[in-house]
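Here, residue 1 is the first one in the sequence, and each next residue gets the next number. It should be emphasised that the depicted structure is a prediction, and the values quoted were computed from it without experimental measurement. We count ligands from 1, going down the list as the structure has it; atoms in each ligand are counted the same way.
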Amino acid sequence: MARKTKLDRQQLQHFVHLSKRKYRKQRSALKSLFKDDAYRIEPDVKVTDRSIFKYWKTRHRLFSRMQTKDLYMTRELWFSVTPESLAKFAARFIKSCLPDAQVVLDVYCGGGGNTIQFAQYFQKVYGVDSSLEHLYCTYRNAQAYNVEDRIWLKYGDWPTMSRKGRFEKLQIDCVFSSPPWGGPQYLNSELYDLENALQPRGLRETLQGLLRVSENVVMFLPRNSDLGQVSQVTRELLGNEALCKVIYVKDNGYLKGIMCFWGEKFYNYSSPTTTEGPATENVSPSVDYAIDG
Ligand SMILES: C[S@@+](CC[C@H](N)C(=O)[O-])C[C@H]1O[C@@H](n2cnc3c(N)ncnc32)[C@H](O)[C@@H]1O
């Protein structure tokens, strides 16, 4: 079947504001990406870049449809897409805790690992990223999962959007964020410093901005994150009695990171999930689980 490679008017609608005059340059760059069918990964055609070969070998863990469909990946996305099992877990857990939720915002949406899974469970998903190439990949990947009609992508720098109060009036039910961890060296130190190593802003500023959009916030953070900082920031921003649920998430038996949940509906929810894996640390005010997605 012929692949649709042109960006048409209907598709352009899903790139919020890009039809505006001030985004002329970005619109034309986006058209070129579509026209060139850029960053396409065909099933079973080996990647030539040796540095990403090990990621390519387990590509089905990133996107299960990579085995049968064309997906779209920049070099950076090979290292940073949330594995599908974890993205699915996050979407399902949020849906269980917030059954009436309809609108989710995915800040730092990358190649759509999370956006696509959210779109399977929620009516409308906004994705924000400062890389036009990544937004393009998100849209293409959403097409492979037939959920492109539910996603709305906004190009730009999140700290700037946050400062300007973008998304605050849109009645977002839950905001998810998977910020850059600063490359593979995030594991170099025993304890990951959430104020100084997290990109492009530290935990306090990031969480503060996300809480202005919704009272339900989820962040995907390194597994060696300093939970003392999580506790401190939670208390500072939400009061001494506030809680944050921290879930250790695994993919294929490997610990991939932690998911931090802020919002009453998350910590009052008792899930029928398994609790295997590393010993749970009771870092007040956090509640920890280990879950294999
Ligand atoms: C870890 S990746 C997100 C991966 C995503 N959850 C997925 O599954 O594909 C982080 C993303 O943040 C984006 N980013 C980095 N700095 C940004 C900024 N200042 N504003 C918006 N997006 C930014 C990067 O382009 C990258 O796509």
Side-chain angles (χ1 to χ4, degrees), residues 15-17 26 29-30 33 39 41 52 55 58-66 71-91 94 104-120 125-145 147 151 153-164 166-167 174-187 192 194 197-203 205-206 209-210 213 217-223 225 249 251 256-260 293:
F15 293 85
V16 183
H17 296 150
Q26 285 83 0
L30 187 67
L33 289 169
Y39 302 115
I41 307 291
I52 53 176
Y55 299 94
T58 54
R59 60 201 177 285
H60 64 284
R61 303 214 68 85
L62 299 179
F63 290 109
S64 58
R65 295 212 177 161
M66 269 206 181
L71 271 99
Y72 293 78
M73 300 284 275
T74 65
R75 187 172 183 282
E76 184 186 335
L77 288 175
W78 284 104
F79 316 111
S80 52
V81 164
T82 305
E84 184 165 300
S85 67
L86 303 191
K88 201 179 271 298
F89 161 72
I94 294 169
V104 174
L105 167 63
D106 183 5
V107 173
Y108 308 121
C109 69
N114 294 102
T115 308
I116 289 166
Q117 294 307 319
F118 289 136
Q120 316 259 16
V125 184
Y126 290 101
V128 169
D129 208 284
S130 58
S131 159
L132 197 63
E133 285 81 8
H134 289 180
L135 289 183
Y136 158 81
C137 289
T138 290
Y139 187 82
R140 287 294 214 189
N141 294 338
Q143 285 182 310
Y145 282 78
V147 292
I151 64 164
L153 303 169
K154 176 85 181 100
Y155 165 76
D157 173 58
W158 172 253
T160 308
M161 283 186 221
S162 176
R163 212 172 39 246
K164 291 185 173 167
R166 301 284 188 259
F167 291 98
C174 180
V175 50
F176 176 91
S177 179
S178 160
W181 298 351
Q185 60 272 32
Y186 79 90
L187 280 175
Y192 182 87
L194 289 165
L198 199 65
Q199 305 289 322
R201 295 286 190 273
L203 178 66
E205 188 181 331
T206 307
L210 300 176
V213 174
V217 174
V218 184
M219 286 182 79
F220 184 38
L221 297 170
R223 65 189 194 216
S225 291
V249 285
D251 177 46
K256 291 289 181 181
I258 60 172
M259 285 194 193
C260 294

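Under the 4.5 Å side-chain criterion, counting only non-hydrogen atoms from C-beta, Phe220 is in contact with Trp181.
The salt bridge (Lys or Arg N to Asp or Glu O under 4.0 Å) check on Arg75 picks up Asp49, with sequence neighbours excluded.
Leu203 and Met219 get closest at one heavy-atom pair: CD1-SD, 3.8 Å.
In this structure, Phe15 and Tyr139 have tilted ring planes: the angle between them lies in the 30° to 60° band.
When each of Val128, Asp106, Val147 is paired with Thr115, the side chain to side chain contact (heavy atoms under 4.5 Å, CB included) condition holds for Asp106 and for no other.
Protein neighbours of ligand 1 below 4.0 Å, counting non-hydrogen atoms: Glu76, Ser80, Val81, Thr82, Tyr108, Cys109, Gly110, Gly111, Gly112, Gly113, Asn114, Asp129, Ser130, Ser131, His134, Gly156, Asp157, Trp158, Pro159, Ser178, Pro180, Pro200.
A donor-acceptor contact closer than 3.5 angstrom links the side chains of Glu84 and Ser64.
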